[in-house]
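In what follows, a single structure is set out as structure tokens and then discussed.
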Amino acid sequence: MPIVTIQQFPRDLSQKRELAQRITQAFVEVYGVAEESVQVFYNEVDGENWAKAGKMGSDRQQGQG
């Protein structure tokens with residue numbers, strides 16, 4: 001059973017739906033598995049829970065980084 005984990009910034013539910021459908025279809029086509037066996041997990045991280053180049057994402061989004 002394929003399991004896909006996506007780590008990303010928060011996205012719109014409609015975008016996540018479409019991505020899950022496309023990922024599922026790719027596994028069906030390439031691996032020949034049933035759609036029901038494909039699982040997609042979204043791990044959404046906001047700016048307070050990540051940093052880049054030593055600066056918190058929430059600070060960067062505010063133009064301070």
Side-chain angles (χ1 to χ4, degrees):
M1 138 182 6
I3 298 173
V4 178
T5 303
I6 299 169
Q7 192 164 354
Q8 65 180 20
F9 298 116
R11 299 287 181 160
D12 183 73
L13 181 57
S14 64
Q15 291 177 309
K16 292 187 283 189
R17 278 189 184 116
E18 183 173 348
L19 184 58
Q21 290 171 350
R22 291 184 185 205
I23 289 170
T24 299
Q25 191 58 41
F27 274 98
V28 169
E29 292 174 7
V30 176
Y31 283 6
V33 299
E35 287 182 351
E36 294 78 20
S37 71
V38 181
Q39 297 184 52
V40 180
F41 294 89
Y42 292 96
N43 181 13
E44 294 189 322
V45 179
D46 64 25
E48 291 183 7
N49 293 308
W50 71 275
K52 180 177 179 183
K55 296 185 174 128
M56 296 303 297
S58 56
D59 295 338
R60 297 172 66 85
Q61 292 172 355
Q62 296 171 7
Q64 298 175 3

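Closest approach of F27 and V33 over heavy atoms only: O-CG2, 3.7 Å. In terms of heavy-atom proximity, A51 sits nearest to M56 at CB-SD, 3.9 Å. Annotation for Y42 and A20: closest pair OH-N, 3.3 Å, computed over non-hydrogen atoms.
Remark: of the listed residues T24, L19, I23, I23 is the sole one forming a side-chain contact (heavy atoms from CB on, under 4.5 Å) with V4. Results of the side-chain hydrogen bond (donor to acceptor under 3.5 Å, both in side chains) test with K16 over Q21, E44, Q8 single out E44 as the only residue that passes.
Summarising the local packing, CD of Q39 is surrounded by more than 12 heavy atoms from other residues, nucleotides or ligands at distances under 6.0 Å.
Both M1 and F41 belong to a single network of hydrophobic side chains, linked directly or stepwise wherever heavy atoms of I, L, V, M, F, W or Y lie under 4.5 Å apart. Residues V38 and Y31 fall within the same hydrophobic cluster, defined by Ile, Leu, Val, Met, Phe, Trp and Tyr side chains chained together at heavy-atom separations under 4.5 Å.
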